[in-house]
Protein chains: 2
Amino acid sequence: MNSRVWIAGVGMTPFGIHPNRSNHDLARLAISDAIRDAGVSANIGMIDVAFYASAAHGFLEGQATISGQIALRGMGIGTIPVHNVENACATGASAFNLAVTHVRAGEADVALAVGAEKMHIGDPQKTMSLFDAGFDVTDRASLERTMVELGGDLDEPDLGHRSIFMDIYAAMARNHMRIYGSTPEQIAAVSAKNHAHAVDNTRAHYRRALSVEDVLAARRLSHPLTVPMCAPVTDGGAAVIVCSDAGLARLHTEYPIEVLATVVGTGTDRDTTTFDGHLAQHVATRAYDKAGIGPDQVDVAEVHDATAFAEVLQSEMLGLVPPGEGGAAAERGDTSIGGRIPINPSGGLESKGHPLGATGLGQVFELTDQLRGRAGRRQVDGARIALAENGGGFHRGEEAVTSVIILKGT
Amino acid sequence: MNSRVWIAGVGMTPFGIHPNRSNHDLARLAISDAIRDAGVSANIGMIDVAFYASAAHGFLEGQATISGQIALRGMGIGTIPVHNVENACATGASAFNLAVTHVRAGEADVALAVGAEKMHIGDPQKTMSLFDAGFDVTDRASLERTMVELGGDLDEPDLGHRSIFMDIYAAMARNHMRIYGSTPEQIAAVSAKNHAHAVDNTRAHYRRALSVEDVLAARRLSHPLTVPMCAPVTDGGAAVIVCSDAGLARLHTEYPIEVLATVVGTGTDRDTTTFDGHLAQHVATRAYDKAGIGPDQVDVAEVHDATAFAEVLQSEMLGLVPPGEGGAAAERGDTSIGGRIPINPSGGLESKGHPLGATGLGQVFELTDQLRGRAGRRQVDGARIALAENGGGFHRGEEAVTSVIILKGT
């Protein structure tokens, strides 16, 4: 059993549209990148256990059940345990949690979490229908009741095609506006801030700056959300190698990052018309306890901005900004690089992109670079403690799964 | 961190056809059964982490990504981590492995592994097409080349509908017949033995005794396999609660079973025309090492007999019978209850049934009952050490994943 767990290496493909790369190509590129990063002695044969995160490969391409084995065998991995994991948009973070736990248990000195998603399969209709699996498919009526309860009338037939999750986030946003008086301008400020951050991220899907006015003037998806407030459909892969002290020595890792906490949780039944007792609060509280820190000690965070509103809400639930002030904080510049608590320096899901299984690991990639002081023009000065929040699915008024990871630079 | 891990409780629905029960109903029934079994103080609120094993729910019913969260929230579980895992027909055993590792790591004192599969969805064609996801779907040509290499011509167009896996097992069987001279009669003896065992299992899908002659005379699927040599399409759920010493005390468990080893592995590239260096050998060797025992100390085993040939092969790979003698051992009665090394006292997949995600956990259910001396007319006298082997998928000439679990009665 190992008392400390480290990130030895991180890898990531550019997120974007990769017409000539398969799901497995994306995974392998990310893994090779992570191995190179892990240390001068690192090689594929040193990995003791692997977790393969892909939420869409079975659905979109019919490669279910052993996707990870096929991807990894092609790289020369033999006989090691490979587990295929799925947890909606928090699939990558769940794989990370399992990899860390395996090292913690002494079952592995070097563990791999890799996520890959090929979302552009030439059939946009099919890709969008993927999102119809992320709630209780036997009870769509109750999903719709919950949304009306949260956000009022949903009947906006003229707004064109979008995933059900944009409607869900829009309903939650309207609930937030009702309770706290937050505004579409504030939500747009989050989007504008993340688009500005992405300009300097060579691995981001979109790298164009947008003003608050640009964001508000863009095509509306579901009030108050417009297109640039929502994560695009993106292909990509990301990989993280975690290890014990013994693993670090074997790999000859130069810049290890310590894993202070990784907590995954599912929701409780509560009054969903408020945000009290939200799943992310529970998970964050547990993660802060494990890490032995409070939210005020976090220097930089990656937050699951599947929509700009999600960042508003989650930055409050994580205690990074006061309740109701997620939007106002963005408007004031508090959450920009250089601000009090920079959020999504990578550009976040809205600009970097959201290849489901890779997303949570892509957050860890960014934060590892930040803690190593290697983030270039996106560097958050003096970052020592970093937090990643990744969530997904929807059940009974909130995410079905949320993950919080806390990391420390050395 | 916990040095010892125990099985506190096991639960299982009858395996069979459940027209009025959903995937989640089956899971919940199995969990309730396991909780009752775990101890007088046990209740759903004591579970610290859950692993939900379902290989088909997304494919067959469109409930992907958060199936476990939905199933468990309905039982009153809140905020705990829930992970959805998939590893072809070894999905259940993989969930068990992850649950044990979480307890070992000290991340949980009580962990749940639950598997459920609703395979009868009123569309047999769709159910069978599920099996077309368990190999590399981008390279069917190489799958077919491997099968011809193993077993000669595959062209038997008149044998009717069957899953590709029956063809794969048939090719492997023909290879075994070529190398060792094993016979269709020996393979039929395995099936007859398992059908005889199932007669006394009230949870089995089929409970009729069949003679070797009956088995050989049944409809042929792919030479040398006939229908009763192959696992049927089955619905069912199974659950296992594992825990630490502290968990045992909290649950007030009366008959704990110790987990000596749980090892999961994936294949290597080797000459697939022999059986040397087969994945199951690697995994079993590691499991015996961890458990500190040899194959001669195993008193009873559940072996993944998706076909009767699979049991022939795996009983050899596990070292329970000498190489080439898997069929002969069954013919001699060595692997019957009362024989030298009873295999599949439950009736195995051929008779008990094979609800994919539940299968590996159903094996643990049977062995736990055996080690507690509660198996009734199926009891293997004096069973103290038990082994379960569960495998699935197919990649480059062998299973893509194999699990071996070794348990000890107290």
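Scope of the values below: all heavy atoms of this structure, side chains included, with no hydrogens, waters or symmetry mates. Each chain gets a letter, A, B and so on, in the order the sequences are listed, and its residues count up from 1. From a predicted model like this one, the values you see are computed outputs, not experimental measurements.
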>> If we define contacts as heavy-atom pairs under 4.5 Å, which of B:Gly267, B:Ser403, B:Gly76, B:Ala400 has the most with chain A?
In response: B:Gly267
> If you round to the nearest 0.5 Å, how far is OG1 of A:Thr138 from CD of B:Glu61?
Replying inline: 9.0 Å
>> Please determine whether side chain to side chain contact (heavy atoms under 4.5 Å, CB included) holds for the pair A:Val85 and B:His83, giving the CA-CA distance in whole Å, both sets of side-chain angles, and the decisive distance to 0.1 Å.
In response: CA-CA 7 Å; A:Val85 302; B:His83 296 277; 5.9 Å; no
> According to the salt bridge (Lys or Arg N to Asp or Glu O under 4.0 Å) rule, which pairs have a member within residues 66-95 of chain B, sequence neighbours left out?
Replying inline: A:Asp269-B:Arg73
> When you look at B:Thr79 and A:Arg286, which way does the side chain to side chain donor-acceptor pair (under 3.5 Å) test go after all the steps?
Replying inline: CA-CA 10 Å; B:Thr79 80; A:Arg286 241 183 275 164; 2.8 Å; yes
> Once you round to the nearest 0.5 Å, how far does CD1 of B:Ile66 lie from OG1 of A:Thr91?
Replying inline: 10.5 Å
>> Quick check on the interface: out of A:Arg396, A:Gln63, A:His282, who has the most heavy-atom pairs with chain B under 4.5 Å?
In response: A:Gln63
> Most heavy-atom pairs under 4.5 angstrom with chain B, which of A:Gly134, A:Gly393, A:Ser22, A:Ala55?
Replying inline: A:Gly134
> A:Arg21: what forms a salt bridge (charged side-chain N to carboxylate O under 4.0 Å, His left out) with it, not counting sequence neighbours?
Replying inline: none
> Between atom CG of B:Asn97 and atom CD of A:Glu107, what is the distance when rounded to the nearest 0.5 Å?
Replying inline: 7.0 Å
>> Tell me which of these, B:Val401, B:Val283, B:Asp136, B:Leu279, has more heavy-atom pairs under 4.5 Å with chain A than the rest.
In response: B:Asp136
> Roughly how far apart are B:Thr101 OG1 and A:Leu98 CG, rounded to 0.5 Å?
Replying inline: 9.5 Å
> Which answer fits A:Phe394, side chain, backbone, both or neither, if we ask what part of it has an atom under 4.5 Å from a heavy atom of chain B?
Replying inline: backbone
> In Å and rounded to the nearest 0.5 Å, what is the CG to OG1 distance from A:Leu130 to B:Thr65?
Replying inline: 8.0 Å
> What option among B:Leu72, B:Val263, B:Asn84 has the most heavy-atom pairs under 4.5 Å with chain A?
Replying inline: B:Asn84
> Atom OG1 in A:Thr266, atom CD1 in B:Ile77: separation rounded to 0.5 Å?
Replying inline: 9.0 Å
> Do you know which of A:Ser67, A:Gly62, A:Ala56, A:Gly78 has the most heavy-atom pairs under 4.5 Å to chain B?
Replying inline: A:Gly62
> Any luck finding a side-chain donor-acceptor pair between A:Gln69 and B:Asn87 under 3.5 Å?
Replying inline: yes
